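Within every chain, numbering begins at 1; the chains are lettered A, B, ... in the order of the sequence lines, protein sequences first and strands thereafter. All of these numbers come straight from a predicted model, not from anything done at the bench.
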Amino acid sequence: MSLLKPFNKLPELNTANILLVENETQFQKKLADTIVQLENDVNVIVRLARSLPLPVEIAEKRQRIDLVVFIVHLSSEQSLLSTEVSLKQLESGYFMGKMCFLVTGARCGTVPSERLTSLKKMAASLNSPLLMTEDGTTEGVNTAAQRVLNMLKISAGLVPMATGLYLSSLIRYTVPADPDWQDQD
Amino acid sequence: MSKKSDPSRLDMNYSSENDSLSSGRSDRSLRVAEKARKKNEAEDPFLLALKYFSQVEEGTPWKGNDVLEWHVAVVERVALSQGLSPEAISVLLDFALSSRMSSQQCVRILKILVPATVVPQDAIIQGVSWLCVGKMAMKTQVLFIRWVLTIFDLIDSKDQLRAIYGFIFSFVTEESLCPYICHLLYLLTRKESIRPYRVRKLLDLQVKMGKQPFLMHLLALYKVFSPELVALSFPSKMKGGFKNHNSTWKVALSAVQKRNNAGVLTDLRLNLSMRTQPNSKKRKFSHLTIPAVSSVPLRVSSSKALPLEQLRDFPHLLENLHRIELPAQMGSMLGSPLALHYIDCVRDNSAFLRLNFWLGHSLHEEFLFCREASSQNMAEATRFLNTLISTQRLLQEGFSSTEVFLYRFLRVWDGSLLRTQILGLLSDIAVVPSSRIKVVLFEPLMQLFFTSSLFFKCSVVECLNSMLLKWLTWHSVYALEDELDISVTSQTPQNMTLSGLMDSVVELVQFVGRIATVGLQLEGYHTLLLSFTLDFYETVCGMYLKYDLPLVLMPPAGVFYPALLATNPVSVDRLCQIMHRYRASLVSAKLQERQSQKPFHISRKTYREFNQYVVSMVNCLWNSRAFMPGMGIELAEDLLARSKVTECCSTFNLIHHPAFIGYAVDFHQKCWPERKELDLNSIKMGKCWDWYTEFLFSEGLWGLKEFVQSSLSHRTSSRVSGTDAR
Amino acid sequence: MMENTIECPREGVLSHLDVLEMEALKLSRRQQLSLQQQSRVDDLRIMVEKLRAQRDQLKARVKTTMSLQQLKAVIDQGPEECDDDGEEEGCSGSMQLHLLLLKARQTQVKYLLQAHHVIGGYDVTETRRGQGVCVSIATAFEGCYLETYNLELDVTRTVRICRHNIPPFIPLEKLVQENLQTDLSNFLSTLSQHLNAFAGRRQQVRLIQAVLRGSVKVMESNALFNTVVVMCTELGENHRAVLCTLEYTDLSRYLPTKVTIESEDKALPSSPQWKENQSLLLETPAHTALQALKEKGQIA
Amino acid sequence: MDDSAKQVLRRIIRRIPSNKLQITLRKWECLSKKQFRSLDFTQPKWLICENLLSLCEENDLSLKHVTELEMIFHIEHPTQGTWYVSQLIDAEEEALTSDLLNFRESFKVHLKSLISHVSVKIKKHEDDAIWIRIAWGDNFTKPNHFKPTYVVHHLQTPYVFVTGLAAKHRPLLHQALIPSAHYGSIKDVHLSGRCLTALRDLLMRRYKQVFPEKHPRLLEERSPLPSHPNIENEHAKHAENRLQMAAEAFGDGMLPKLQTAVYKLETSNLLESLKYCVSSGMASAPVTPLLSSIPRKGRNYFVITDKGPGINPTPGPNI
């Protein structure tokens, strides 16, 4: 039962660690495969977890994690709930540009809209980005991987003159002031 | 239990009885009979089946009735393979709805009623009459109506259907039928079909059932035709619409369609839409394909209105402008340029309402309503959106429903799904008021922009560039003094003042400035992104002179300096050109102000920025005074010293600039072919320099040339160029 | 007019960008692939090294244990020699020897345990945090391993079987009633006898079917393989079909308790030769016995 | 070939799915090669049936051949109807040595002694299972071949699988079975399902059970290797444990097919006790909807389908 800390370890040279948290594992796997395939010049290590906290056994051999991605399937209430629980296991440092939400099924009108709304509230309150994805198609997965990778490289300090905090200040989710444009249905 | 576990058991008992009767006959005769049957089969089992269905008399037992089974099987095969002929449809529909056998059979038949070409109107009429008889089970009725909706556009003509509008209307009171009836009515309604008592009825229903979308839409249509009867006010953006997802038919039909998608519509006598939609029959099965234009072929008696699809060509359109009959399927307008021209000429609100509704509905259904992105779907989607795009290009304006859709879609977009189309559509949207542009456009775009790939970044910049272009064009077209109406087609025409437009433009340009700055930084000043950014500023710098929008906006330093210090000559050259254009605008603006018959004011700040940039350019490229104080980029002496670059001030002059050094070397060799060691500085000496610049121009660096000629003609220093802009 | 509605020039740029992206993706994929292959090769190299090192270690260990045993041998007649030497080094030596002894003992025990496991003694694993044990009984016949059967026992209060995968025709209930509570090891040994016997009988039948295909035919056998009927033809002057019925009334043995020989000519079973064969079948596994008969040229 | 035989045949043919018809008839071996070839299996069944009938006429086959056919089909496709299992208890010594011949004899004798009109047919299947087909009549009527009972029994095992047995015939069957299998009595084991083999495997432990072992297999043996060295699964160990637990509970590989399981929670006040379970922490909170929906939906009959906890076809009262 230990918080996950962003700065308790030294970074490794030319290496970036990303943690994908999803309570079901199928999309996670696809995404992980794509991520490691996409990146050539940086040594990207992907860690898969169903939820936080991470098991303590391997705590010390685990490298420092530069980006935590919470995968939320709007199609399942459980996914949202477990994300909420896991969030509590992150040290506040991660909310400064070292975490983001990856949302599937946002385009689907049949999922209860309040899920998306509550997720948006969460993201807004944590000043964290909210990435929509199409988990159904390979293109969708590729794109998701690409975007996550971009964020990872920045948050791992591999992009000169850019930091995770800087980026997230640009892309963090904000609840639109004009309610007219909130998704009604 | 046993029933549940295997249904076959039941009918076995029954049929064993049947057989027991039959088995009295001698088996010889049986076999003879069977041989005979075989012979008939050899002729055509399908016809036999039809014969059977047309003749089978009421109350024939169906359980364990092998003959029936067999015929149904035959029909099923045919229907699902090549679809059913009009006659077949009439026969089967009649059999089904007359419920001569059990309702199961009826449903079963309805389910496989897949037309190959068209559906005869009479069949539908017949069906409705059976509906009136009212011995059908409710779910069968619903199924029937839904079927009609599905194949609506295949009904060969709709005049008589319109004639029995009243009958159909009478069914709205049926709770479970109502939604579908409303949809059907929506498709059939014309001005003359609107009566006070019908309006009243609908209003009552609305009171009873609450604000159901299907009622709202029908009423909205009524209001359009006769506003005096419908007092309600409708929200500008109505949600939902008529939901009629019946995948079974869709799939079956599109399958049949795929197999024989040769111009089935030839019998629909359509000339217009054929070209755009060779297989536009698919339209209903996936909302995504565009209906063919088919309005009611008129009975002689009725008014002299001219159905749209009978238009031959543009002149013909012009002659008949006053008596055009709009098609039942507004969607079909998309397919046909003539129709669009018509719409463009006569600002028919109802037409736009219906077209908008149709669009909004399909867009929503297809992209914001659980549609897993399979490649086949995507192919259709792409085609559809492309048509939409071309339509909008033709009308030179976006539909409001497209905008509404886009704003919603951007918020749930992953940035890759149908990227080309979405950005294409986005670049067409009408000017967004500056009050909401941030929320509806910038925020979602930012999220996507900064996380996505280089190519996406480029696409966004490109998209915004063409968006700006369109806005400017509109402005230059509708440039009325102070009141220009931009969104002509939109449901709620928003009048936009010049200042309003200018605010929006400023917002847009500044936005691009911001994202380009950061984007370039993130992408390590990638040449591709840089060039797209310069594209954008080529548009911006011409705003005043080309589109006479009284506005001059300089690029931010984050764009200017990367371009100036870029490693490829093209970027630098284009920058020069852009600066030259800015100069031209500013100069003429000055003139305007001097003559002050059109007083408008460009802030000193803009001039200052401009001069600043010019100064640094000249210092860099000509005066070898890079990094000097007073330039945009200053560097402390010691820092420069520490970089251990000898005479670093001159590293960015026309000779040593990474973009030009190639030319310099080239030039050097041309000048002193005999020289062994390379001494680029010797180019600076006396005439050489002029020759060198000439050489550069001759290498096709026009931008540079223009810049030189304008800003430092007669070899003055930059300050002059600055002042003469003042 | 149609044309320009369908084609819109600027569209091209966006779609070109799309294409470019695709290409870029493909390229990086290809590079990635080659990279992976390279790294894989390296990994394998490392693996090889590791294994080598391990092998050497094992060799070393073997050596030491050998020497230990020799040492032990020495030590067995050690003491008296030890007495002659001086006190202090003697005791220090005895200390050392003691240590060595213990070591040797330990290794021995290890070997014993291993041996015990290897010869089919049953593994016992603790389950459910000491609440139960899982016993697995390996069966073997003529030195070849057959199925392993498992019993999970609940040992909280009275010992009882929670679950097992022992076939239903093994008279488990009977054995349980006899001595599950009273004497667990006995219970297990009898059970393992039954299982081994069953496996053995079945194996015999299988071997007959496999090895003596063509000459001997298994006419009948049942789930428990406690009655097996085989048919062979004797190579006398007239090839008679001979029917041997093997009955195993003692289910804990893999040898028949009763063998009956039948044939068309009633004399044959009582012939001395076949009496002999009968007794042979009684005391050697069926397949070997029949094999022998075949070799002796008594059956085809 | 009399009418009843014909009817039975028709019925059987109708029951056999068309794609199985050909092979089943071949196994039957009552038609000559030529006759067999004369049948056109692309025809609708009722046609084939008529032709078949006439062929049977030609070889004047009797009812017993027809039942033979039915039996063949049943043995090949033992998923017709629901099978109920009962277990013979207090085995006698002979139970372990009994063989087909004397079982068949004694069973027939016993049954015939109990009821006059009954037709019994006994076949042995490859996996030495004994298949018994019983067509029941009573003292006045001929055996009814439309509703035969099928009994499957493996010698030396106490299990008996029965389908299509009417309640009134149950005692008769049992009285015949018990002595002829050399057992003391018989009891119902409350196991039923459509798939005979599944029931058999379940009871005879023919499916792969998993037990805790001293030398557990290594992780990579079970769970697939990570596709890439740079991908690490944090919860791999946990997943492995869960896998092991699941396997120990339900077995590994192909599991026997069971369709339903019925639990009866019987107490003076179910809701009260459930509530207590939760409040006292016996049941993990949050309460599973399966339980909480009893009061919410106001009903106590639920069907759980593959699509997750669903509502049974008959909707409950609206609350």
For the residue pair C/Thr245 and C/Glu247, establish whether any side-chain heavy-atom pair is separated by less than 4.5 Å.
->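 C/Thr245 vs C/Glu247: side chains touch.
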Heavy-atom check, side chain of C/Arg55 versus side chain of C/Leu51, under 4.5 Å =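 Contact flag for C/Arg55/C/Leu51 side chains = no.
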Identify which part of [X] has an atom lying under 4.5 Å from any heavy atom of chain D, answering side chain, backbone, both or neither.
{"X": "C/Asn165", "result": "both"}
{"X": "C/Glu220", "result": "side chain"}
{"X": "C/Gln32", "result": "side chain"}
{"X": "C/Leu251", "result": "side chain"}

Top contributor to chain D contacts, counting heavy-atom pairs under 4.5 Å, from C/Ala223, C/Pro168, C/Ser39, C/Pro167 |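 Option with the top pair count is C/Pro168.
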Considering only heavy atoms, which portion of D/Tyr207 lies under 4.5 Å from any heavy atom of chain C: side chain, backbone, both, or neither?
->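 Contact with chain C is absent: no heavy atom of D/Tyr207 under 4.5 Å.
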Does NZ or CZ of D/Arg200 fall inside the cone over D/Tyr159's six-membered ring, less than 6.0 Å from its centre and within 45° of the axis?
->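 Cation-pi check for D/Arg200 and D/Tyr159: fails.
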Quick one: do C/Asp43 and C/Arg40 make a salt bridge, cutoff under 4.0 Å?
->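 The answer is no: the pair does not qualify as a salt bridge.
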Salt bridge between D/Glu240 and D/Lys237, side-chain N to carboxylate O under 4.0 Å?
->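 No, this pair does not count.
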Options D/Glu93, D/Met204, D/Gln156, ranked by heavy-atom pairs under 4.5 Å with chain C, top entry =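 Between D/Glu93, D/Met204, D/Gln156, the count favours D/Gln156.
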Take C/Glu152 and C/Arg160 through the salt bridge (Lys or Arg N to Asp or Glu O under 4.0 Å) test and state the conclusion after the steps.
-> CA-CA 9 Å; C/Glu152 195 168 338; C/Arg160 58 178 188 78; over 6 Å; no
